[in-house]
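What follows is a set of notes on a single structure, which appears directly below.
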Protein chains: 2
Amino acid sequence: MEAGPIFAGKGFRATTVREICEQANVNVASINYYFGDKRQLYHQTVVLAREMRVEQVPEPNWDASTDPEQKLLDFITLILRRLVAMQTEPWQVRLLMREILEPTETCKHLVEEYFRPFFNTLCGIIDDIVGHRLPEPTRNKIGFSIIGQCLYYRFSADMTRLMIEQQDYVDQYDLDNLAQHIYLFSLGGLKHYQTLDERVLKDARPADH
Amino acid sequence: MEAGPIFAGKGFRATTVREICEQANVNVASINYYFGDKRQLYHQTVVLAREMRVEQVPEPNWDASTDPEQKLLDFITLILRRLVAMQTEPWQVRLLMREILEPTETCKHLVEEYFRPFFNTLCGIIDDIVGHRLPEPTRNKIGFSIIGQCLYYRFSADMTRLMIEQQDYVDQYDLDNLAQHIYLFSLGGLKHYQTLDERVLKDARPADH
DNA sequence: AACTGTATTAAACACTTGTTTAATCACAAT
DNA sequence: ATTGTGATTAAACAAGTGTTTAATACAGTT
């Protein structure tokens, strides 16, 4: 499968079937013969990318005794490992990133099969740490805050590198360092909610007049 | 300038000069006559988009008495207003987003002229809240955590809408609601650093053996 | 050896792309 | 009225696009 890296690098539109076929040393007609058309090849490639990435970076195994804060750190590390590959960026990541940014039909499939259960796991961890059930929108937003921090280092990686010293990026933005930071920062945010949420929720929703 | 919305919607490559010219009711040769080629038109359009957006959403005016926590809330609101337009997404935002994700030469210009000073303002606010100077990499990462949370709701907006109930999105993810959440969450993260950073920094850097 | 179904190929097809050309137009200055 | 200059146009251009076709090659079966 030579299509992956090319789709990942240039997107669906900018990728030509001729380039793929040349890379794979097959005839231009092969894609239409085997996949129907270019679009279906793309769809198959995205699905494959997700499967490969999940396989490459498996989930941590927790048992009943694993405490929720450790789970949070593990989970953040998992996201960073899966979506935010550091030194070399595997094509699978960039391809999935494109789907998140500009969803095609393929993305619905990704959400149901992968993102939603993934997000639900995170929500469970949040509930465990806070100790009591937050209102669902609040809980979701906390989840998005954690994921958002992680995704930043993928989506904005190129720009971030333009912002800070090259050497700092190598030294201070490795995976464990980032995971540790996001963990600490998010734990702080969570604790803050834990102590404030009753008050805030009461204050934020006065009788609307 | 009819090129903006089209470039924003489909990207440089997928946009055709003929579509732009048709939209603008001018001849296909006009772009080459006025801008040289398609690429230079794109560059001009990005620069214009940034200028328009800054003008559309001006910075808040603070005085010496404004306390830093209020500044943080204002700043988060500013980012959300500028980059994460809610109901209707102006083309300027989507165009700038594309530059962040896949920087062209134009992006270097954006970083120096706009993003870097913007980020420095945020760093100043962080320093004020923490009360003492954090190590620069730590301080930067906190900044990226805050910006990352904001950008999430732009970059992943389409996907987020696939994840949660449509009605919840309308009710619970309006601009003020998000700003309030990101503010609270980030303030918690900051306070956590404020109390832990001396200890963490000592522990995290033992004699390397 | 003849047949069959699949795999592979070069070539052609129909269409779109960004850009260029050369002619025409508008209109102020002479 | 004529000239000159820049704006605007339809047409052409050359290169590239995804897809189709029809011919060929290659197995395995009868």
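Residues A:Thr16 and A:Ala29 both approach DNA chain D. Their nearest nucleotides, taken by heavy-atom distance, put A:Thr16 toward the 5′ side.
Atom pair A:Tyr33:OH and C:dA7:P shows a separation of 4 Å (rounding to whole Å applied). Residue A:Lys10 contributes atom NZ, which lies 12 Å from atom C1' of D:dG16 at whole-angstrom precision. For the pair A:Phe35 CZ and C:dT8 P, the interatomic distance rounds to 12 Å; values are reported in whole Å. Here D:dG18 presents its P atom at 8 Å from CD1 of A:Ile31, a figure rounded to the nearest Å. Distance CZ (A:Phe7) to C1' (D:dG18): 12 Å, rounded to an integer number of Å. The separation between A:Arg39 atom CZ and D:dT17 atom C1' is 15 Å, rounded to whole Å. The distance between atom NZ of B:Lys38 and atom C1' of C:dT17, rounded to the nearest whole Å, is 8 Å. In this structure, A:Arg13 places its CZ atom 11 Å from P of D:dT17, rounding to the nearest Å.
In this structure, B:Glu59 does not pair ionically with B:Arg81, as no charged nitrogen and carboxylate oxygen lie closer than 4.0 Å. Contact check on A:Arg18 versus A:Glu22 returns no salt bridge, with no Lys/Arg side-chain nitrogen under 4.0 Å from an Asp/Glu carboxylate oxygen. Look at A:Lys10 and B:Glu102 and you find no salt bridge, because none of the NZ, NE, NH1 or NH2 atoms lies under 4.0 Å from a carboxylate O.
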Please evaluate residues B:His109 and B:Phe115 with respect to the criterion ring-ring contact (aromatic ring centres under 6.0 Å, His included), reporting the C-alpha separation (whole Å), side-chain torsions for both, the decisive distance (0.1 Å), and the verdict. CA-CA 9 Å; B:His109 186 254; B:Phe115 291 134; over 10 Å; no
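Nearest to the side chain of B:Tyr34, among D:dT8, C:dT8, C:dA11, sits D:dT8. Closest approach to the A:Asn27 side chain among C:dT9, D:dT17, C:dT19 is made by C:dT9 (side chain taken as heavy atoms from C-beta onward). Closest to the side chain of B:Arg18, out of D:dT20, C:dT19, C:dT6, is C:dT19.
A sub-4.0 Å separation between OP1 or OP2 of D:dT19 and a side-chain N or O of A:Asn32 is present.
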